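In what follows, a structure is listed as structure tokens, so that the remarks can point back to it.
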Amino acid sequence: MSRYEPSQTETKWQAAWDDAGVFTARRDPARPKYYVLEMFPYPSGRIHMGHVRNYTMGDVVARYKMSCGFSVLHPMGWDAFGMPAENAAMERGGHPKDWTYGNIADMRDQMKPLGLSIDWSREFATCDPEYYGQQQAMFLDMLDAGLVYRKNAVVNWDPVDMTVLANEQVENGRGWRSGALVERKELTQWFFKISDFAGELLSALDGLKDWPEKVRLMQANWIGQSRGLQFSFDTVDAPEGFEKIEVYTTRPDTLMGASFVGISPDHPLAKLLEAQNPELAEFLAECRKGGTTEEAIETAEKIGRDTGLRVKHPLDPNWELPVWIANFILMDYGTGAIFGCPAHDQRDFEFATKYALPINPVFVAEGAEEEALTEAFVPMKSEKVRYVRGFAGAEVQTGEEGVATAIAYAEDKGFGEGVTKYRLRDWGLSRQRYWGCPIPVVHCPACGVVPEKKENLPVRLPDDVTFDKPGNPLDRHPTWRDCSCPKCGAAAKRETDTMDTFVDSSWYYARFTAPRATTPTVAEDADYWMNVDQYIGGIEHAILHLLYSRFFARAMHKTGHLPAKAVEPFDALFTQGMVTHEIYKTTDEKGRPVYHLPEDVDREAGTVKATGETLEIIPSAKMSKSKKNVVDPMNIIAAFGADTARFFVMSDSPPERDVEWTASGAEATSKFLGRVWRIAHEIAEGAGGEGVAEDAALMKATHKAIDEVTRSIDGFAFNKAVAALYTLTNTMQKSGASNAVKREAMKLMAQLMGPMVPHLAEDIWAALGGDGFVVQAPWPKADPALLVEDSVTLPIQINGKRRGEITVPKDMPASEVEKIVLADDAVVKALAGGQPKKLIVVPGRIVNVVI
RNA sequence: GCGGGCGUGGCGGAAUGGUAGACGCAUGGGACUUAAACUCCCUGGGAGGUAACUCCAUGCCGGUUCGAGUCCGGCCGCCCGCACCA
């Protein structure tokens with residue numbers, strides 16, 4: 001008998017599916033629809049194992065749902081704008097467009113051999129003018145609806161290259177190319193008003209029942225709702241316009257522990273003082289060093305300066321507090337000003353200690369006495385404490401009660417107001433870069449900022465640009481900027497900022513429902529296909545991409561581009577883990593690390609093949625090119641076929657966890673698939689025994705597998721589905737069942753394997769005389785009668801330790817079980833004539849005798 | 001620094017609060033073969049014991065429970081995110 005030949009079989013079935021148009025999505029009102037979407041890839045040029053895993057998971061779901069009778073939409077596209085294309089143009093010359101479309105062609109060629117059930121007729125790239133032009137149209141609608149505005153915001157500024165840097169281009173506070181110390185600089189930029197939706201984006205999380213709890217938690221914390229007090233300190237002899245400093249606090253109950261007022265380096269008052277005071281100006285310049293990330297700001301050394309200004313305490317006009325500028329206070333959060341209570345905030349405590357500011361406890365633990373603190377006392381808000389410097393409410397109350405009574409007190413006395421605030425900031429979408437969607441507005445000397453006319457869309461990126469110097473090529477293009485004002489017709493200048501690529505990925509799921517339409521969406525298509533029933537992607541997108549998409553769907557609904565039901569675009573979310581691999585490292589003579597590709601090392605000997613150097617083997621880490629711990633899926637497909645690659649990434653690791661790629665694992669998978677093929681062909685050639693009991697046993701095992709595989713796919717536990725298929729294969733191989741029953745069992749198994757190894761499954765299905773494509777055959781149903789077991793084995797525990805077992809009829813009453821247990825040798829021996837203290841019988845599960 | 005998650009044999013992992021280690025890999029032994037490859041069978045956490053069996057074991061420490069890998073508290077380590085990487 002011949003062997004299984006994936007290279008021939010796989011191309012054969014892919015061509016057959018194509019010819020039959022099996023994966024073309026059709027709006028079919030007669031059938032329920034199912035929209036499965038994996039996060040679309042960035043066209044880096046090569047697919048990696050993470051892609052294979054991501055798209056195989058989606059494919060398993062898509063094919064399974066197809067078999068279950070759904071009209072399935074399973075599209076693919078490219079998140080094609082972004083920095084790497086510009087970097088490539090800078091490093092190697094060429095145009096970002098050519099680089100990007102070339103990469104897309106390469107990656108498509110690599111993905112097609114995987115045999116994914118994708119409707120390629122819907123493919124698009126976000127850098128297609130047909131796509132970004134529709135995005136510009138929606139931007140104008142959103143501008144019109146008041147969802148977009150301009151304000152100042154800080155960027156990473158490289159003072160040598162005179163250019164804006166992305167956060168990832170800042171390394172240890174320095175620009176990656178120039179090495180210059182990065183500064184924070186303000187620019188006028190475009191923003192989406194996502195903060196208007198903060199409350200709704202938060203409360204709607206409760207409705208996302210099929211999202212991972214951890215993602216909902218992360219988003220909730222990111223939105224960061226807080227209840228607090230907003231009030232003003234009256235200043236003493238302050239500059240005009242700063243008679244008051246407005247602060248926001250979530251702990252108004254600690255007001256009597258205030259020892260200073262802190263303002264952000266970006267606070268208007270700080271800017272005013274900067275102009276008058278060279279010493280403060282120097283300090284503020286110091287504060288502005290470093291990148292803009294919250295991480296950089298939070299981990300930087302906490303520094304401050306006394307402005308010399310004083311404010312009056314709202315509860316005691318004779319009590320004056322100093323006003324400090326502190327680098328850890330964010331202008332974007334609250335009012336950009338706080339009062340510091342060192343006794344009950346660790347950061348304030350460290351600040352106060354450093355600058356010798358007073359530390360006065362407001363409350364102490366219930367039953368404790370006031371004493372000098374060596375660190376901030378920060379009990380849970382739900383814990384009861386005794387207020388020694390309280391001003392509202394009972395002496396002993398919880399922090400929560402303290403906050404509530406303090407707000408009520410402030411409102412009653414009229415010096416403050418209880419407010420709800422969010423940590424979520426508006427979404428800055430301006431990028432000072434070329435390779436993105438142009439923001440379709442015009443700056444007119446007479447009319448100001450004017451939206452481009454819709455009939456002039458798309459505002460296309462010019463092709464004649466160079467990347468020989470840093471900065472935005474649109475900015476220095478000789479003619480592209482020049483235009484006439486859409487309103488008055490006078491000479492005007494185009495906006496040269498482009499959009500954040502998160503905008504592109506915030507609505508692509510909607511575009512897939514009508515990818516060629518001349519409007520952003522088409523009502524009937526959006527209505528039929530939305531929402532995405534199952535969205536699959538990496539956990540690294542838990543916050544930004546998913547939150548922006550949730551906002552954008554709402555904004556699209558407000559501007560008439562999506563139905564109301566689609567404001568939460570993703571019904572179910574699954575976040576998959578990474579594909580990892582060991583890292584092979586040696587060190588060069590200068591002590592620098594040198595990494596080696598898996599194929600260049602002898603894993604057994606622990607050496608580099610070429611040189612014989614001893615390797616340091618670093619356990620599983622995310623595959624990355626720089627660490628060279630990458631396995632190219634194309635090599636695996638060439639060696640073993642796509643089914644092996646697909647089955648391997650579904651095996652072993654639960655999908656939400658990282659999976660370790662091992663060469664031996666891939667080989668074992670390939671052997672297994674070969675074994676299944678062989679068994680199938682033996683059956684096709686008439687193999688089989690004639691035992692009646694074996695027939696029944698095999699059908700029972702097969703239906704158990706149907707049940708397990710079905711439940712596993714439904715529950716995204718593909719590794720368990722794989723395990724069930726291994727078990728069934730072992731049973732089938734050993735079974736002495738008749739050929740007819742074996743044939744039936746193997747056909748059912750081909751159906752169960754189909755979503756994971758579609759080519760092999762089609763081949764087996766055809767060999768055993770199945771009708772049509774296995775992918776279109778109705779999904780088998782487990783016969784409940786074949787799933788029940790008549791008897792059950794119960795372990796007997798004595799004091800929680802397993803000491804024996806009994807086998808009893810499944811539905812034996814507990815009282816009967818007790819009798820058998822008490823007569824059991826191990827139990828009799830342990831009791832030594834005495835009585836058990838307690839006898840626990842968990843029906844069908846376990847028995848525990850407590851002595 | 002802040003937010004979230006994870007941690008089980010040599011390895012990947014399984015286990016509605018109920019027999020820890022399903023299924024697989026690697027290892028060791030055997031069959032087939034002139035030999036090898038392929039394939040098939042057996043073995044398979046650690047320690048002790050001829051054996052029946054006993055003890056230890058789910059990152060560490062403590063708690064709840066008849067019973068904890070699972071729940072709670074505290075630590076340690078790793079991973080993801082932190083708003084201009086995508």
Side-chain angles (χ1 to χ4, degrees), chain A residues 3 39 41-42 44 79 81-84 155-156 164-170 189 194 212-215 217-222 224 291-300 302 328 332 346-347 423-433 500-502 504-505 538-545 547-548 575 577-578 580 619-622 651-654 656-662 664-665 667-669 671-672 674-675 678 717 719-720 722-727 730 733 793-805 836-840 842 844-851:
Chain A
R3 292 163 55 96
M39 291 180 187
Y42 179 79
S44 59
D79 191 12
F81 274 135
M83 288 201 311
V155 293
N156 300 305
V164 178
L165 298 178
N167 285 333
E168 73 155 10
Q169 296 173 317
V170 179
Q189 309 205 59
I194 189 172
E213 186 58 41
K214 63 179 170 187
V215 174
L217 231 192
M218 280 190 263
Q219 291 213 353
N221 289 338
W222 183 263
T292 57
T293 68
E294 194 169 301
E295 185 187 7
I297 292 164
E298 294 272 332
T299 53
K302 314 273 179 289
F328 58 84
D332 292 317
Q346 190 58 27
R347 197 168 53 184
R423 203 186 75 100
L424 181 68
R425 309 200 294 255
D426 276 334
W427 173 9
L429 68 114
S430 299
R431 296 291 180 271
Q432 294 72 43
R433 280 184 247 290
D500 178 10
T501 55
F502 274 125
D504 311 338
S505 56
I539 185 68
E540 66 271 24
H541 296 292
I543 295 172
L544 292 179
H545 162 61
L547 191 61
Y548 288 155
T575 54
M578 297 174 300
T580 63
S620 67
K622 180 177 181 172
S651 307
D652 296 350
S653 280
E656 67 275 17
R657 265 208 254 174
D658 296 349
V659 64
E660 168 88 5
W661 181 273
T662 60
S664 56
E667 211 173 292
T669 303
K671 278 185 196 173
F672 171 74
R675 197 170 124 212
R678 224 165 33 244
N719 55 321
K720 286 192 243 171
V722 168
L725 290 170
Y726 267 101
T727 306
N730 291 339
Q733 187 160 21
T793 301
L794 296 179
I796 299 174
Q797 290 185 338
I798 294 170
N799 290 338
K801 293 207 183 264
R802 186 180 178 277
R803 285 293 183 268
E805 62 179 39
K837 271 194 205 150
K838 207 168 173 182
L839 189 56
I840 296 149
V842 184
R845 276 289 178 189
I846 203 166
V847 181
N848 193 6
V849 187
V850 185
I851 292 169

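Remember, predicted model here, so these are calculated numbers, not experimental data. Letters A, B, ... are given to chains in the order of the sequence lines, protein chains preceding strands, and every chain is numbered from 1.
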Which dot-bracket string fits RNA chain B when only Watson-Crick or G-U wobble pairs with both atom distances under 3.5 Å count, crossing pairs get [ ], and | stands for a partner on a different strand?
(((((((..(((.....[....)))..((((.......))))..((((....))))..(((((..]....))))))))))))....
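- If you find the closest nucleotide of RNA chain B to A:Thr299 and to A:Leu217, the one lying nearer the 5' end belongs to A:Thr299.
- Using cut-offs of 30° and 60° on the angle between ring planes, the pair A:His545 and A:Phe502 is parallel.
- Residue contacts shown for A:Phe502 include a base, since a base heavy atom lies under 4.0 Å away.
- A donor N or O paired with an acceptor N or O is found under 3.5 Å between the base of B:C84 and the side-chain atoms of A:Gln189.
- What separates CD of A:Glu295 from P of B:C85 is a distance of 12 Å, to the nearest Å.
- Atom P of B:C42 sits at a distance of 28 Å from the matching atom of B:G48, rounded to the whole Å.
- Spacing between B:U27 and B:G77 at atom C1', rounded to whole Å, works out to 29 Å.
- A straight line from CD of A:Glu298 to P of B:G1 spans 11 Å, rounded to a whole angstrom.
- The shortest distance between the side-chain N/O atoms of A:Arg425 and the OP1/OP2 oxygens of B:A83 is not below 4.0 Å.
- Listed nucleotides: B:C85, B:C66, B:C23. Nearest to the side chain of A:Lys838: B:C66.
- Within the 4.5 Å cutoff, the side chain of A:Arg803 has no heavy atoms near those of the A:Val849 side chain.
- B:A57 and B:G46 have their P atoms separated by 16 Å, given to the nearest Å.
- B:G5 atom P lies 14 Å from atom CD of A:Gln219, rounded to whole Å.
- Side-chain nitrogen and oxygen atoms of A:Asn799 include none within less than 4.0 Å of the OP1 or OP2 phosphate oxygen of B:C66.
- What separates CE of A:Met218 from C1' of B:C2 is a distance of 14 Å, to the nearest Å.
- Scanning for side-chain hydrogen bond (donor to acceptor under 3.5 Å, both in side chains) contacts around A:Glu805 gives A:Arg802, with sequence neighbours left out.
- The side chain of A:Arg802 has B:U19 as its nearest neighbour among B:A22, B:C84, B:U19.
- The side chain of A:Asn221 places no N or O atom within less than 4.0 Å of a non-bridging phosphate oxygen (OP1 or OP2) of B:G81.
- B:G7 and B:G13: their C1' atoms are spaced 13 Å apart (whole Å).
- In this structure, A:Asn799 and A:Val850 have side chains that are in contact, with non-hydrogen atoms separated by less than 4.5 Å.
- Taking CD1 of A:Ile846 as the start and CD1 of A:Ile840 as the end, the distance is 9.5 Å to the nearest 0.5 Å.
- Residue A:Val850 has its side chain nearest to B:C66 when only B:G1, B:C66, B:C84 are considered.
- For the pair A:Gln169 and B:C84, the criterion of a side-chain N or O lying under 4.0 Å from OP1 or OP2 is not met.
- Between B:G5 and A:Lys214, no contact under 4.0 Å exists linking OP1 or OP2 to a side-chain N or O.
- You won't find any donor-acceptor pair under 3.5 Å spanning the side chain of A:Arg845 and the base of B:U19, going by distance alone.
- With B:A15, B:C40, B:C84 as the candidates, the nucleotide lying closest to the side chain of A:Val164 is B:C84.
- Put simply, CD1 on A:Ile539 is 17 Å from P on B:G3, counting in whole angstrom units.
- Residue A:Lys837 is classed as having no contact, given no heavy-atom separation below 4.0 Å to the nucleic acid.
- In this structure, the nucleotide among B:C66, B:C84, B:C23 sitting nearest to the side chain of A:Arg433 is B:C84.
- Salt bridge annotation for A:Arg423-A:Glu294: present, with a cationic side-chain nitrogen under 4.0 angstrom from a carboxylate oxygen.
- The side chain of A:Thr501 contributes an N or O atom lying less than 4.0 Å from OP1 or OP2 of B:A86.
- Listed nucleotides: B:C66, B:C23, B:A86. Nearest to the side chain of A:Asn848: B:C66.
- Close to B:G12, at under 4.0 Å from its OP1 or OP2, lies no side-chain N or O of A:Asn719.
- Judged by atom type and distance alone, A:Gln797 does not reach the base of B:C66 through any side-chain donor-acceptor pair under 3.5 Å.
- B:G17 and B:G69 have their P atoms separated by 13 Å, given to the nearest Å.
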Identify each atom pair where a protein N or O and an N or O of nucleotides 70-76 of chain B are less than 3.5 Å apart, giving names and distance.
none

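- The side chain of A:Thr793 lies closest to B:U19, out of B:C82, B:C38, B:U19.
- In terms of phosphate contacts, A:Lys801 brings no side-chain nitrogen or oxygen within less than 4.0 Å of OP1 or OP2 of B:C66.
- Note on A:Arg423: every side-chain N or O is 4.0 Å or more away from OP1 and OP2 of B:C2.
- One atom, OH of A:Tyr726, and another, P of B:G12, lie 17 Å apart when rounded to the nearest Å.
- When each of A:His545 and A:Lys302 is assigned the nucleotide of RNA chain B bearing its nearest heavy atom, the one mapping closer to the 5' terminus is A:Lys302.
- Because its glycosidic torsion is more than 90° from 0, B:G24 is reported here as anti.
- When the C1' atom of B:G12 is taken as reference, atom CD of A:Glu656 falls 14 Å away, rounded to whole Å.
- Rounded to the nearest Å, the gap between the P atom of B:G3 and that of B:U8 is 25 Å.
- The nucleotide whose nearest atom lies closest to any side-chain atom of A:Glu540 is, among B:A86, B:G3, B:C40, B:A86.
- Comparing B:C85, B:G4, B:C55 by their nearest atom to the side chain of A:Arg803 picks out B:C55.
- With distances taken from any side-chain atom of A:Asn730 to the nucleotides B:G24, B:C84, B:G18, the minimum falls on B:G24.
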